> 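Before anything else, here's the structure in question.
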2 protein chains.
Amino acid sequence: MVTIEDVARRAGVSRQTVSNVINAPAKVREPTREKVDAAITALGYAPNAVARRLRTQRTSTIGVRLDAYSGGVSGVVLDRFVHALTEHAATRGLRVLLYAARTVDEELRHINELADGGEVDAIILTGTSRDDRRAERLRERDMPFAAFGRPWGTEDPAEASHPWVDIDGAAGTRAATAYLLGDAGPRVAFLGWPPDSETGDDRERGWREAMAAGSGDRAAPRISSEDGVAQAQGAIRTLLKDDAVDGIVCASDALAIGAHLAAVEAGRPGLRIVGFDNTAAAEALGISSVEQLPERVAAGLLDMLMGPEERRISHPPAPVGLLVEPQLIVR
Amino acid sequence: MVTIEDVARRAGVSRQTVSNVINAPAKVREPTREKVDAAITALGYAPNAVARRLRTQRTSTIGVRLDAYSGGVSGVVLDRFVHALTEHAATRGLRVLLYAARTVDEELRHINELADGGEVDAIILTGTSRDDRRAERLRERDMPFAAFGRPWGTEDPAEASHPWVDIDGAAGTRAATAYLLGDAGPRVAFLGWPPDSETGDDRERGWREAMAAGSGDRAAPRISSEDGVAQAQGAIRTLLKDDAVDGIVCASDALAIGAHLAAVEAGRPGLRIVGFDNTAAAEALGISSVEQLPERVAAGLLDMLMGPEERRISHPPAPVGLLVEPQLIVR
DNA sequence: AAATAAAATTTGATCGATCAAAAATTTTGG
DNA sequence: CCAAAATTTTTGATCGATCAAATTTTATTT
């Protein structure tokens with residue numbers, strides 16, 4: 001292994017000058033820098049990341065939880081998010097360290113380990129809930145963090161207690177509903193999950209608002225189903241027997257696929273349906289869907305952790321919230 | 001931050017004794033150990049991972065590439081693999097560091113960086129090809145690695161040049177074909193990609209072998225389509241016009257979904273179709289599929305890198321190959 | 001050209017742990 | 001009970017870099 005000492009010896013300068021060439025080239029005179037650069041390339045030197053971390057007390061690493069694989073249609077959004085985060089982090093000189101956890105307690109243990117061991121400079125939370133214990137723990141431990149998911153309850157971006165970015169689900173279903181109202185007809189139904197899930201209620205709200213604001217038929221039903229193709233198919237099968245609907249806005253692609261299958265079954269393959277998440281399955285079946293743009297979320301979170309141009313993590317990051325407007329993909 | 005020195009002072013012993021309590025408790029006398037343990041819990045001490053890495057020259061971290069998000073039906077296998085790897089790695093005291101790359105050259109750069117900076121102890125390659133440049137580079141650099149994917153060309157597990165684990169695609173299609181021969185009829189067609197992709201040819205071989213070995217109809221066709229729902233749908237639409245087939249074994253779920261749609265369209269919703277990868281989309285549509293079990297691949301790769309019970313990476317790991325038999329999921 | 005200011009470079013200390021060898025203690029055996 | 005062996009504990013060096021302060025060199029001013 002080539003060390004900074006080797007380079008210094010070869011270039012006939014001191015360690016620190018080599019260090020300066022790498023970290024603060026402006027401090028070094030041109031001819032000196034050239035000598036050092038020549039030595040660096042001749043020896044193939046690269047700074048040892050571990051030694052640097054020990055000295056600077058910065059790991060340039062952020063931790064991200066990988067959820068237990070759900071097996072369902074969803075989960076893809078998170079995968080795309082992790083991918084985008086990794087790419088964006090790289091351009092800012094950060095690395096992404098994974099940890100897997102199936103439960104909150106398991107995740108809390110991991111958070112402790114990462115913090116105790118000084119392994120990461122910041123943590124990205126996903127899927128935050130009201131009074132999130134992880135957020136609490138991270139605050140206690142004084143570990144910078146940002147969340148993919150709004151702090152339900154206090155959603156005013158101006159008075160956030162920590163940085164967060166979330167998809168504006170209501171905006172997504174609003175756009176979907178407006179599209180169907182214009183393109184299909186006034187009787188646009190909503191197929192959602194049973195009430196009281198925060199994400200679900202948010203998406204329902206968008207439909208309600210668009211129906212009220214536009215030319216929506218007040219009588220258009222709100223149907224409830226667990227998140228699964230078969231369950232949704234059953235629910236919509238029943239619906240299509242009696243009700244005359246022009247289109248269905250769904251809270252997820254799994255629901256949309258079920259609705260689509262029920263429509264085909266009922267001899268109405270042209271019934272307009274819009275899903276949510278824009279998964280490969282919806283794409284494969286040609287179902288329109290609301291695309292979450294997890295890449296924007298990833299970029300937004302890093303901006304918050306670091307400031308838009310910085311290359312180091314703010315401590316603590318400014319507590320602001322950002323809602324990303326999703327995009328309707330029409331098929 | 002609590003250091004080993006703080007603990008030593010509080011317990012009234014030396015640094016090294018504290019270190020021994022943590023890393024080699026057998027070397028420490030019982031009463032001493034108790035004192036130290038008490039101090040550790042009182043102060044909430046945890047060893048600094050970065051300092052330890054610098055001294056031991058081991059990072060206990062493995063690097064894994066995250067592919068560019070493909071957007072298609074596939075990709076999920078890799079995500080599940082990364083997840084399983086993270087979980088298994090954790091139980092062996094390893095961390096998983098991600099890097100994103102879109103091209104081979106980009107990946108080679110990342111490999112160099114990770115090796116130069118001493119960031120990882122080993123790298124996991126995915127999607128290996130014949131004469132893989134990454135494998136070559138890693139060998140040159142003396143970085144331990146293992147691959148998800150066989151070294152096409154020399155597939156005899158006994159004479160591998162590096163450790164690898166792969167899914168036995170032929171075994172998967174063999175099982176799928178045998179199942180359809182028994183359950184549907186002798187005319188089992190194969191819907192695959194254009195020839196000369198290694199994975200594709202492997203999967204086709206399984207079908208051929210099972211057809212020859214079982215009661216397969218020699219005349220059953222082998223149809224070719226690019227990997228996409230629409231393309232496959234078109235190909236099978238044509239097929240179903242003339243040919244009478246009892247079932248179709250497909251090289252991917254995307255193809256299977258296309259075939260399924262064509263079958264429904266042709267008024268044969270009961271036509272037996274088997275896909276490959278067992279994606280959420282296939283599950284949602286109730287299409288049988290071959291499940292790759294990426295969890296086993298992850299476990300197998302770590303066993304190879306570390307030995308089945310060890311907690312440190314062998315250098316170099318023994319070059320052996322392992323084919324994991326996939327599992328047919330009947331729906 | 002000397003005095004002063006500014007810039008460039010070097011030196012010594014440090015980050016927090018483990019390794020290797022030395023010193024202190026306990027155990028064993030005659 | 002003492003010497004030798006075995007065990008336990010401590011000390012000093014080190015991993016490879018950066019920080020802070022000291023020193024040297026160059027540039028500016030009078």
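Given the structure is predicted, the values throughout are model-derived calculations rather than measurements. Sequence lines set the chain letters: A, B, ... in the order given, protein chains first and strands last, and positions in each chain run from 1.
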> Is the closest side-chain heavy-atom distance between L94(B) and L305(B) below 4.5 Å?
no
> Would you mind reading off the distance between I40(A) atom CD1 and dA17(D) atom P, rounded to a whole angstrom?
11 Å
> Figure out the CD/P separation between E34(A) and dT9(C), and round it to whole Å.
12 Å
> Using the side-chain heavy atoms of Q57(A), tell me which of these nucleotides is nearest: dG16(C), dT18(D), dA17(C).
dG16(C)
> Could you give the CG-to-C1' distance, from L54(A) to dC15(C), as a whole number of Å?
4 Å
> By a strict heavy-atom criterion of less than 4.0 Å, which residues belonging to residues 1-21 of chain B are in contact with DNA chain D?
V13(B), S14(B), R15(B), Q16(B), T17(B)
> Taking donor-acceptor contacts at under 3.5 Å, does the side chain of R55(A) reach the base of dT14(C)?
yes
> What is the distance, rounded to the nearest whole Å, between atom CD of E119(B) and atom P of dA17(D)?
13 Å
> Looking at T32(B), I'd like to know whether one of its side-chain N or O atoms comes within less than 4.0 Å of OP1 or OP2 on dT9(D).
yes
> With sugar-phosphate meaning primed atoms plus P, OP1 and OP2, does V28(B) contact a base, only sugar-phosphate, or nothing at under 4.0 Å between heavy atoms?
sugar-phosphate
> Please report the distance, rounded to the nearest Å, between CG in N23(B) and C1' in dT9(D).
16 Å
> Which whole-number value in Å describes the distance from R52(B) CZ to dG16(D) P?
18 Å
> Which is more 5' along DNA chain D, the nucleotide nearest A26(B) or the one nearest A51(B)? Just name the residue.
A26(B)
> Take the protein atom NZ of K35(B) and the nucleotide atom P of dT8(D), then report the distance between them rounded to whole Å.
14 Å
> I'd like to know whether CG of D131(A) has more than 12 heavy-atom contacts from other residues, nucleotides or ligands below 6.0 angstrom.
no
> Is a donor-acceptor pair below 3.5 Å formed from side chain R29(B) to base dT8(D), judging by atom type as modelled?
no
> What distance do L66(B) atom CG and E87(A) atom CD have between them, rounded to the nearest 0.5 Å?
8.5 Å
> Under 4.0 Å between a side-chain N or O of N48(B) and OP1 or OP2 of dC15(C)?
no
> List the steps and the verdict of side-chain contact (heavy atoms from CB on, under 4.5 Å) for I123(A) and E107(A).
CA-CA 11 Å; I123(A) 281 184; E107(A) 183 164 13; 5.7 Å; no
> In a table with atom names and distances, give each donor-acceptor pair under 3.5 Å that connects a side chain of residues 1-12 of chain A to protein atoms at least two apart or in another chain.
unit_1: T3(A); atom_1: OG1; unit_2: E5(A); atom_2: N; d: 3.2
unit_1: T3(A); atom_1: OG1; unit_2: D6(A); atom_2: N; d: 3.4
unit_1: T3(A); atom_1: OG1; unit_2: D6(A); atom_2: OD2; d: 3.4
unit_1: D6(A); atom_1: OD1; unit_2: R9(A); atom_2: NH2; d: 2.9
unit_1: D6(A); atom_1: OD2; unit_2: T3(A); atom_2: N; d: 2.8

> Return yes if a side-chain donor-acceptor contact under 3.5 Å exists between N20(B) and R33(B), otherwise no.
no
> Contact class for A46(B) (heavy atom, under 4.0 Å): base, sugar-phosphate, or nothing?
sugar-phosphate
> Tell me every residue that passes ring pair (Phe, Tyr, Trp, His ring centres under 6.0 Å) with H162(B), counting only those two or more places apart in sequence or in another chain.
F145(B)
> Can you measure E30(B) atom CD to dT26(C) atom C1' for me and round it to whole angstrom units?
16 Å
